[in-house]
Amino acid sequence: MGCEKKTFPNIDERTFYAIRGELAKIDLELPETHEGSITSAAYGVTAAYRLDLDQKVLHVQVTQKPFFVPCSYIYGKLNEAFERVQNGN
C-alpha cells in the first residue's frame, strides 16, 4: 500500500546531505545517492526518492507502509525534518 508522490522544494546537495542526518534521528535511512529508497525497519516504511539538482527538488513516493499509518503522517514527518534543516535547527 503506497501513497501519492510528493515534491519537496528548495533541496540542493548540501540540504540533501543534512536531511540524511535528520532522517536518521527518526529511524529513516536515506542513502547518499541521488536516487533510491528511503527505508525504516522500525516503521515498516519504504519510499522511492529522486533528487533533481537542476530543479532543486526532491521527489518522494511512499511505496510500502503499514495500513494503519496514514500517508499524511509519513509525509508530515519528512516535512518536519526538511524544515529543521532548511531553518538551521
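Numbering starts at 1 and runs along the sequence shown.
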Between [atom1] of [X] and [atom2] of [Y], what distance do you get to the nearest 0.5 Å?
{"X": "Ile38", "Y": "Gln61", "atom1": "CD1", "atom2": "CD", "answer": "11.5 Å"}
{"X": "Asn10", "Y": "Thr15", "atom1": "CG", "atom2": "OG1", "answer": "8.0 Å"}
{"X": "Thr63", "Y": "Lys65", "atom1": "OG1", "atom2": "NZ", "answer": "11.5 Å"}
{"X": "Asp52", "Y": "His34", "atom1": "CG", "atom2": "NE2", "answer": "10.5 Å"}

[X] to [Y] - nearest heavy-atom pair and separation:
{"X": "Pro31", "Y": "Ser37", "answer": "CD-O, 3.2 Å"}
{"X": "Glu32", "Y": "Tyr17", "answer": "O-OH, 3.0 Å"}
{"X": "Pro66", "Y": "Gly44", "answer": "CD-O, 3.5 Å"}

Check for me whether Lys77 meets the cation-pi criterion with Tyr75, that is, NZ or CZ under 6.0 Å from the six-membered ring centre and within 45 degrees of the ring axis.
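Ring-cation test returns no.
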
Quick one, [X] and [Y] - any side-chain contact, counting heavy atoms below 4.5 Å?
{"X": "Val45", "Y": "Ile74", "answer": "yes"}
{"X": "Leu23", "Y": "Glu29", "answer": "no"}
{"X": "Leu51", "Y": "Val57", "answer": "no"}
{"X": "Leu28", "Y": "Thr39", "answer": "no"}
{"X": "Phe16", "Y": "Phe8", "answer": "no"}
{"X": "Tyr49", "Y": "Thr33", "answer": "yes"}

Under 3.5 Å, is there a donor-acceptor pair between the side chain of Ser40 and the main chain of Tyr43?
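Looks like yes, one N/O pair under 3.5 Å.
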
Scan for disulfide (SG to SG under 2.5 Å) pairs involving residues 15-66, sequence neighbours excluded, and state none if there are none.
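Not a single pair qualifies under disulfide (SG to SG under 2.5 Å).
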
Quick test of your reading: applying disulfide (SG to SG under 2.5 Å), list the pairs with at least one residue in residues 29-78, sequence neighbours left out, ordered by first then second residue.
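Applying disulfide (SG to SG under 2.5 Å) to every pair that reaches into residues 29-78, excluding sequence neighbours, yields Cys3-Cys71.
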
Does this structure show an ion pair linking Glu22 with Arg84, if we count only N-O contacts that are shorter than 4.0 Å?
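Yes, this pair counts.
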
Working note: Val62 + Thr46, criterion side-chain contact (heavy atoms from CB on, under 4.5 Å); need CA distance, chi angles, decisive distance, verdict.
CA-CA 6 Å; Val62 173; Thr46 303; over 6 Å; no

Worked check of side-chain contact (heavy atoms from CB on, under 4.5 Å) between Arg50 and Leu58:
CA-CA 6 Å; Arg50 184 175 60 81; Leu58 181 66; 6.0 Å; no

What do the steps show when you test Ile11 against Lys56 for side-chain contact (heavy atoms from CB on, under 4.5 Å), and what is the final call?
CA-CA 5 Å; Ile11 309 291; Lys56 292 189 178 179; 5.8 Å; no

Please list all pairs passing the salt bridge (Lys or Arg N to Asp or Glu O under 4.0 Å) test where one or both residues lie in residues 8-18, with sequence neighbours left out.
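Found none.
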
